[in-house]
Asker: 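This is the structure I want to talk about, given as structure tokens.
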Amino acid sequence: MTTNSSSYLPSPDALWSHAATLAAWSADQQLPVHNYRVDETGLRSEDVGNGWWALSWVEGGRAVLYGIDHDYSETVSLSPPLDLLAGGPSWLPWQWLDDVITGGEEIGFLYWWDGEAWGRAPYPDEVHDDGVRSMVPADDSEVRTVCDALVADGADPTAVREREAAHRRTAAAHGPQAAHRRTAAFPNGAAGLPDTVPNGAAGSPDAVPNGAAALPAGHGEPADRRVPCWLPEQHAAVLAVEMKAATELDRPTPAATPEQEQLLAWLHTNGTNGAANTTSHEGRSVLSAAFVDAGDPDYGRGADGFLDALGRRIFGEAATLLTALRDAEADPERGRWLYIRITVAETNTNSDTNSDTDTDTSTSTDMETDTHTDTDTGTSSTIARGYDCLPDWWPAGRGIVAALPHTVRLEMARRAAPWRPNWADLLEEDIRHDGAPARLCRVEPERGLPRISDPAADADPSS
């Protein structure tokens with residue numbers, strides 16, 4: 001998170017004053033800065049390719065600020081998608097904001113003003129910039145730029161100042177207090193709003209856009225709210241969140257098979273020699289794999305296969321042996337595993353040795369595992385399988401594809417109903433069309449998230 005953006009935003013009254021002044025000017029001419037317009041829903045800047053921002057009033061002296069910087073909003077295209085309304089107050093115009101967010105334009109930031117301070121949803125650690133600082137002017141520098149440009153073009157400085165003052169009066173007439181009056185007079189929208197404000201510059205009316213009415217306040221977050229989820233990797237990450245919270249169903253450990261012995265022998269021989277897709281550390285070799293169904297349109301590549309913990313395709317003998325083991329352990333009702341991690345270690349290896357994620361041999365207490373000791377080769381082996389959840393040992397960080405929706409759906413369709421976990425219904429939803437459940441797109445609240453208008457937000461916490 002960009003900590004200094006927290007104290008960057010002025011009050012919505014100040015934002016409105018600057019931008020609505022420019023909106024009044026935009027009605028007459030093209031400006032050397034962003035052009036603005038005011039309509040019945042609020043104020044919005046013109047998108048000239050780099051982004052835009054908008055401000056809408058909400059009854060009760062409150063407001064919402066939203067927009068995007070196409071170059072700097074790191075909040076877009078995250079996996080899982082970021083819920084910009086997470087933790088929002090009950091008074092937000094929820095349905096109206098949902099229509100804005102799902103309306104086809106990407107939104108990179110969304111802030112709400114409660115009458116005293118700005119707030120927003122928490123961001124994941126990797127987001128350092130949401131674009132609000134680069135897109136939303138915090139002062140009247142754009143107004144000054146317009147005035148300076150007019151004077152440079154030969155306009156009389158006194159006339160420019162008078163015209164600026166007139167436009168500021170126009171902005172004030174369409175500001176928050178006017179919005180409250182219009183909302184009371186026209187509760188169903190902007191019908192009947194005046195198109196001109198009298199007493200403008202030189203005593204003549206100034207043509208301005210329709211004034212903005214305050215949006216009706218909401219009454220709590222809708223229970224079935226969705227978050228746009230258009231990308232395959234976002235869909236996968238949403239499923240991963242659901243699977244990570246699940247547990248394994250109670251099933252018997254697969255019996256030892258020749259296919260299992262062959263795979264263990266291969267890993268013992270090749271793991272310490274740096275075979276592709278394996279990791280080795282102090283005599284311990286690990287092979288982790290996630291199954292990919294041939295029918296998966298995103299990751300299948302036309303043939304059954306496996307991905308390693310870094311999302312790389314597993315080829316060659318390792319893939320052949322994994323396929324043979326998965327087929328040998330299949331059950332017509334209980335199905336097949338989706339994840340597997342095989343660890344082979346020399347029996348004299350320090351069992352406490354633990355390196356990175358790939359060499360971690362710990363397993364969840366509810367995870368299907370079995371352990372073997374081979375006195376002939378002087379090795380011990382552990383096999384952990386994941387049938388019904390995303391194992392703790394499988395990387396599930398952002399940027400790593402941990403769950404494959406189409407592959408998982410095809411596997412669940414082949415199982416008997418009692419062996420489908422309770423989250424399997426999520427697989428039948430059209431997530432990319434209808435969006436993901438908001439509960440799967442939330443981020444834990446950031447510690448010490450400052451109030452956005454807090455002047456101390458930029459202060460060095462160590463001072």
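This chain uses plain numbering: 1 for the first residue, then up along the sequence.
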Asker: Under a 3.5 Å distance rule, please check whether Arg284 uses its side chain to pair with a backbone N or O of Thr343 as donor and acceptor.
Answerer: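 No; zero donor-acceptor contacts below 3.5 Å.
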Asker: Does any N or O in the side chain of Arg251 come within less than 3.5 Å of the main-chain N or O of Arg334, such that one atom is a donor and the other an acceptor?
Answerer: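 Pair found, side chain donor or acceptor close to backbone of Arg334.
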Asker: Testing Val292, Leu322, Asn277 one by one against Phe306 for a side-chain contact (heavy atoms from CB on, under 4.5 Å), which residue passes?
Answerer: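 Exactly one option meets the side-chain contact (heavy atoms from CB on, under 4.5 Å) with Phe306, and it is Leu322.
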Asker: Is it true that Asp331 and Tyr387 share a donor-acceptor pair across their side chains at a distance under 3.5 Å?
Answerer: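 Looking only at side-chain atoms, Asp331 and Tyr387 do not form any donor-acceptor pair under 3.5 Å.
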Asker: Name the residue from His406, Arg414, Arg409 that meets the side-chain hydrogen bond (donor to acceptor under 3.5 Å, both in side chains) definition with Asp293.
Answerer: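 By the side-chain hydrogen bond (donor to acceptor under 3.5 Å, both in side chains) criterion, Asp293 pairs with just one of His406, Arg414, Arg409: Arg414.
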Asker: Out of curiosity, Phe109 CZ to Tyr72 OH, how far, rounded to the nearest 0.5 Å?
Answerer: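 So the gap between those two atoms works out to 14.0 Å.
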Asker: Taking Trp53's backbone N and O only, do any of them form a donor-acceptor pair with Ser45's side chain (distance below 3.5 Å, no angle check)?
Answerer: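 Side chain of Ser45 to backbone of Trp53: a pair is present.
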Asker: Between Asp39 (side chain) and Gly42 (backbone), is there a donor-acceptor pair under 3.5 Å?
Answerer: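 Confirmed, Asp39 side chain pairs with Gly42 backbone.
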Asker: Using a strict threshold of under 4.0 Å (side-chain N to carboxylate O), is an ion pair present between Arg442 and Glu221?
Answerer: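 Judged by the 4.0 Å cut-off on N to carboxylate O distance, Glu221 and Arg442 do form a salt bridge.
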Asker: Hey, what do you get for CZ (Arg432) to SG (Cys229), rounding to the nearest 0.5 Å?
Answerer: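 That separation rounds to 8.0 Å.
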Asker: Does a salt bridge link Asp327 with Arg336, judged by any charged N lying under 4.0 Å from a carboxylate O?
Answerer: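 Here Asp327 pairs with Arg336 in a salt bridge, since their nearest N and O are under 4.0 Å apart.
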Asker: Indicate yes or no for a side-chain donor-acceptor contact from Lys244 to the backbone of Cys389 under 3.5 Å, with no hydrogens or angles considered.
Answerer: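 Pair absent, no side-chain N/O of Lys244 close to backbone of Cys389.
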Asker: Any heavy-atom pair between the side chains of Leu440 and Pro80 that's under 4.5 Å?
Answerer: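 No, too far: nothing below the 4.5 Å cut-off.
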Asker: Think Arg62 forms a cation-pi with Trp112, using NZ or CZ under 6.0 Å from the six-ring centre and within 45 degrees of its axis?
Answerer: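 Judged by the rule (NZ or CZ under 6.0 Å from the ring centre, within 45° of its axis), Arg62 is not positioned above Trp112.
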Asker: Is Glu259 reaching over with its side chain to a backbone N or O of Leu321, donor-acceptor style, under 3.5 angstrom?
Answerer: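 A pair under 3.5 Å: no.
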Asker: Working note: Trp91 + Asp114, criterion side-chain contact (heavy atoms from CB on, under 4.5 Å); need CA distance, chi angles, decisive distance, verdict.
Answerer: CA-CA 9 Å; Trp91 56 261; Asp114 63 5; 4.0 Å; yes
Asker: Check whether any side-chain N or O of Glu59 sits under 3.5 Å from a backbone N or O of Ala214 as a donor-acceptor pair, and report yes or no.
Answerer: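 No; judged by distance alone, with no hydrogens or angles, the pair does not exist.
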Asker: I'd like to know if the side chain of Asp388 and the backbone of Leu249 have a donor-acceptor N/O pair within less than 3.5 Å.
Answerer: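 Side chain of Asp388 to backbone of Leu249: a pair is present.
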Asker: Out of Ile107, Val76, Thr75, which residue meets the side-chain contact (heavy atoms from CB on, under 4.5 Å) rule with Ile68?
Answerer: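 Result for side-chain contact (heavy atoms from CB on, under 4.5 Å) with Ile68: Val76.
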Asker: Does any non-hydrogen side-chain atom of Ile342 lie less than 4.5 Å from one of Ser381?
Answerer: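 Of all side-chain heavy-atom pairs linking Ile342 with Ser381, none is under 4.5 Å.
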Asker: Looking only at atom types and distance, does a side-chain atom of Thr278 sit under 3.5 Å from a main-chain N or O of Leu287, one as donor and one as acceptor?
Answerer: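 Judged by distance alone, no pair lies under 3.5 Å.
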Asker: Is it the case that the side chains of Asp296 and Thr407 hold a donor-acceptor pair, with the cut-off being a distance below 3.5 Å and no angle test?
Answerer: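 Checked: Thr407/Asp296 side chains pair up, N/O donor to acceptor below 3.5 Å.
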Asker: Would a distance-only check, ignoring hydrogens and angles, find a side-chain to backbone donor-acceptor pair under 3.5 Å from Ser73 to Asp130?
Answerer: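 At least one qualifying donor-acceptor pair exists.
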